[in-house]
Structure formats: structure tokens, C-alpha cells
Amino acid sequence: METAAKRARAGDPTNDDRLSALPDDLLRHVLSFLPSRRSVQTGVLSKRWTGLWRSVRRIDIKIDVHIRYYGNSYSKEKWEKAENFINNLLTFHDAPTLDAFRIVIGSNHKDLLPTIDGWVCRGIKQYRPADVEIAYYIHGVYKLPHLGSASTALLKKLYLFGVYLDDHFEEQLRSGCPVLEDLTLQECWTYFRDIHSSTLRKFVLRDCYRSSEMLVIRAPSLVSLTIFTLHHKNGVTLDGPMNHLVNATICPFDGGSFRSNPSRVSLLGSMFNVTNLELICVSAEAQDERIDTQNISQDHTSQQAQAAQQITLAQFSNMASFPASMATGTSSKHGKSATPLTTAGLRRGLHSDKESLLR
């Protein structure tokens, strides 16, 4: 008996299953847009779909076993089902490498962490994905396991949410990610000192927690920098030439003065090539302050110091586009005024990000 795929290719007018007639590679591409559980479930459609999920070049795992309003409790029934599915998924998935590996966990129970560690290590070490997203939702700490340099040799994009990162992560970036271009750390515990990458082009640091040490960014290829943070007591600084950095968004959250915080002065003073700068939640009083180059670190070059001397928070003479309203804590678009940006409002935005992870 002819299969639906053969009849469709032959132009059989009685066949309505044109989707099954598509080539395997195209079907796998379609399945890559689905969460892995949905991708596996397509096997019940027909024999044509059976087993296609095994070679899809994307794994997308998302589970929520947390029981709200019950402290650190979790649903054992949900967990057992999820554990069985994910173990089988990683065992029978036979793609040699992955375009993307995504795992989002909604749980705060420490007994589950070793199993999650195993999934993360298998997903990254076995498939060497180009794009990795790890999100540990709810309250708790998930420490990123040591991955080794071979497993991240193809990694170009990394997004981490709610993950504890120590000095091993610093070394992983330095020597184990030779082609990394895009890095986002959100609500992570960043207990390391340096971001050191010669290939990194985009870096986002959003509401992360760390010790009192200053975070130093050494990324000569950096093009875009975004910093939204509350908890870097000694600030963030750029070290070395940043000739390619043209886009920057800085939000100190506390609305305080730049003059009173030398690390902020140093950070802005090192952005002499930036053409598009946004300052969010900066106090109205701060917008007329002139940056005092005496506070800039002696490590900066004279070129940076001269550029910083001409910068004020109200006017950046060497920048092509700077939304002046951002300096006063408001944003505008197409000439229309917008709702003032507040710390509380931005925190609500961060919370909504967390909720959306498990939708």
C-alpha cells in the first residue's frame, strides 16, 4: 500500500495530508519550533512522523513542579513524570549536535538538583549546542556544573537565569568558549571577577547579585552592552580598548548621582565610541553633573579621559543619538511622552520575565 507521502508526491487528489509529504529535513525544522514534549507527541499523527523528533536539532525542556504557597514543596507526581520523559528524551535523541538546548525548571527543592545537573551536563556535553538557555525559576540557587572546554567549543549564545556562577565560570568563558558572541546573565549570583572573551559582541547583565568585588569586562569585540543591576556594590568597569562598542544601556536602579559613584564615572568614561546611549533611572539632579575625570582610574588611556571630560549627563557631544528624557527617568518614543520609569516599575518588569519563562 502506498504511503501518504508517496501519494501526495504523485499528485493524488484524494490525499489531504500534504504536510506529511514534505521532506524529512523540512519536517524536522518545523518540529524545532515546538517544545520537546510536543515534538515527541507528533509521533501519534502517523507512521510518517514516528521518530522524526529524535533527530531534531533543538531540545526544549520546560517543567514546573513547584507547589505555590507551600514553601519548598513540590509535586512528586509531576516530577516523576517529567523525570521519566526527560531521561528518555536524552537517551534516544540521536542528533550529533544541536542548534539549541533549552531547559527551564520551576522548582526550589534541593533534592532535585543532582538530577537537573545530570540533564544539563548531558545536554551540553553530549550535543555541544550552539545556543544554550538554562533558567532556574522560583526561589533557590542552582549552581552551574563544570562543563569542560570541549562541550562548549561551538557555543555562540548563552542565556542564564537564576544560576550561581563562581570562578569556574570565568575560566569557562576565557578558555572554553572560543566562538561565544552573545551572553545574558539575569538574576544570577555572579561570584567571579572577570568577563574575559575576545569574541563576545553582546553582553546583558540584569539584576544579578554578587560580592563587593568589582566586575571587570574584558571584551575587545563588544558591540552592545546592557547593565540593569542593583547589587554590584563596587560597580562594573570596562578594561582595555572597546573600539567596537556603539550601543549601551545603563540602569543603576537607585537613581543616584554619578558624581558620588566613581565606578559609574569610570564606566561612562570608557564608552568614548558609543553612539547610542540610554541612561535609565538616573535622578533629575544628576543630568547636569559634569563627569569629573579626576575620579577616572589611572588605568584608562588619555584618549578615554579626554573624551570623558567632554561628557555630561545632559549632553553627550560625540554620540549620534541619546534620548535625553532617559536621564531624568522617563522614556519617549516618536516624540511622545511616556510613563516615568521607577525602580518599583522595573522590578515588576523583572518579575513578569520570571513568570513568562514557564508559560
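Fair warning: this is a prediction, and the values are worked out from it, not measured in the lab.
- Looking at D207 and F228, their side chains never come closer than 4.5 Å, going by heavy atoms from C-beta outward.
- Counting all heavy atoms, side chain and backbone alike, P178 lies closest to T199 at O-CG2, 3.1 Å.
- In the hydrophobic clustering of ILVMFWY residues, with side-chain heavy atoms under 4.5 Å counting as a link, L185 and V223 come out apart.
- Follow the hydrophobic side-chain contacts under 4.5 Å out from V204 and you never reach L165; the two are in separate clusters.
- A side-chain donor-acceptor contact under 3.5 Å links H93 to the backbone of V56.
- Contact annotation: the side chain of I63 never approaches that of K78 to less than 4.5 Å [non-hydrogen atoms, C-beta and beyond].
- For the pair D94 and R54, the salt-bridge criterion is not met [side-chain N within less than 4.0 Å of a carboxylate O].
- Contact between E187 and C208 at its shortest, heavy atoms only, is N-SG, 3.8 Å.
- Nearest heavy atoms, L52 versus R48: CD1-O, 3.7 Å.
- Listed here is the closest heavy atom pair of D111 and P114: O-CD, 3.5 Å.
- Counting heavy atoms of neighbouring residues, nucleotides and ligands inside a 6.0 Å radius, atom CZ of R201 does not exceed 12 of them.
- To the nearest 0.5 Å, atoms CG (D99) and CG (L154) are separated by 10.5 Å.
- The closest side-chain heavy-atom distance from L238 to L245 is below 4.5 Å.
- Counting only N and O atoms by type, the side chains of T91 and R122 include a donor and acceptor under 3.5 Å apart.
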I'd like to know whether M242 forms a side chain to side chain contact (heavy atoms under 4.5 Å, CB included) with L225, so could you lay out the CA-CA distance, the side-chain angles of the two residues, the decisive distance to 0.1 Å, and finally the verdict.
CA-CA 11 Å; M242 294 287 172; L225 174 66; over 6 Å; no

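- Taking every heavy atom of both residues into account, D64 and G106 meet most closely at OD1-O, 3.2 Å.
- For the residue pair D117/Y142, the side-chain donor-acceptor check at 3.5 Å is satisfied.
- The main-chain N or O of G176 is found under 3.5 Å from a side-chain atom of T152 such that the two form a donor-acceptor pair.
- For the side chain to side chain contact (heavy atoms under 4.5 Å, CB included) with K156, the lone residue among L180, V179, D182 that qualifies is V179.
- A distance-only check finds no donor-acceptor pair linking the side chain of Y209 to the backbone of Y164 [under 3.5 Å].
- Note that the CG atom of L173 and the CG atom of L183 stand 6.0 Å from one another [nearest 0.5 Å].
- With respect to the salt-bridge test (charged N to carboxylate O, under 4.0 angstrom), the residues D60 and R58 qualify.
- Classified by interplanar angle (parallel below 30°, tilted 30° to 60°, perpendicular above 60°), the ring pair F161/Y159 is parallel.
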Before giving the answer on side chain to side chain contact (heavy atoms under 4.5 Å, CB included), spell out for D24 and R28 the whole-Å C-alpha distance, their side-chain angles and the decisive distance to 0.1 Å.
CA-CA 6 Å; D24 285 357; R28 293 188 190 99; 3.6 Å; yes

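- For the pair L34/W53, no side-chain contact is recorded, criterion being any heavy-atom separation below 4.5 Å from C-beta on.
- Atom-to-atom distance recorded for T190:OG1 and E170:CD is 11.0 Å, nearest 0.5 angstrom.
- Taking CZ from R174 and CD1 from I195, the interatomic distance works out to 10.5 Å, rounded to the nearest 0.5 Å.
- No side-chain heavy atom of H146 sits under 4.5 Å from any side-chain heavy atom of Q172.
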Applying side chain to side chain contact (heavy atoms under 4.5 Å, CB included), run through I134 and Y136 and close with a yes or a no.
CA-CA 7 Å; I134 302 172; Y136 190 70; 5.9 Å; no

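- Between F85 and I61, the closest side-chain pair of non-hydrogen atoms is not below 4.5 Å.
- Both L45 and L22 belong to a common hydrophobic cluster when Ile, Leu, Val, Met, Phe, Trp and Tyr are linked at side-chain heavy-atom distances under 4.5 angstrom.
- Under a 4.0 Å N-O distance rule, the pair E77/K81 qualifies as a salt bridge.
- Atom CG of L215 is separated from atom CG of L205 by 6.5 Å, given to the nearest 0.5 angstrom.
- Residues V40 and F92 fail the side-chain proximity criterion, which asks for heavy atoms closer than 4.5 Å.
- The CZ atom of R206 sits 13.5 Å away from the CD1 atom of I227 when rounded to the nearest 0.5 Å.
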I'd like to know whether F169 forms a side chain to side chain contact (heavy atoms under 4.5 Å, CB included) with L160, so could you lay out the CA-CA distance, the side-chain angles of the two residues, the decisive distance to 0.1 Å, and finally the verdict.
CA-CA 12 Å; F169 179 72; L160 300 176; 3.9 Å; yes

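- When side chains are defined from C-beta on, V246 does not count as touching N273, because their heavy atoms never get closer than 4.5 Å.
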Going through the checks in order, is the side-chain hydrogen bond (donor to acceptor under 3.5 Å, both in side chains) test met by W119 and N87?
CA-CA 8 Å; W119 293 338; N87 285 338; 3.0 Å; yes

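- With respect to E278, the side chain to side chain donor-acceptor pair (under 3.5 Å) criterion is satisfied by exactly one of T226, N247, T249: T249.
- Shown here for P129 and I124, the closest heavy-atom pair between the two residues is CD-O, 3.6 Å.
- Judged purely by atom type and a 3.5 angstrom limit, S221 uses its side chain to pair as donor or acceptor with the backbone of S198.
- Counting heavy-atom neighbours within 6.0 Å of R128 CZ, excluding the residue itself, gives a total of 12 or less.
- With H196 contributing its side chain and E171 its backbone, the two residues share no donor-acceptor pair below 3.5 Å.
- Checked against F192 for a side chain to side chain contact (heavy atoms under 4.5 Å, CB included), the options D166, D167, V216 give a single hit: D167.
- Residues L26 and W49 are members of one and the same hydrophobic cluster, defined by side-chain heavy-atom contacts under 4.5 angstrom among Ile, Leu, Val, Met, Phe, Trp and Tyr.
- Residue L113 is grouped with residue L144 when hydrophobic side chains (ILVMFWY) are merged at heavy-atom distances under 4.5 angstrom, including chains of intermediate members.
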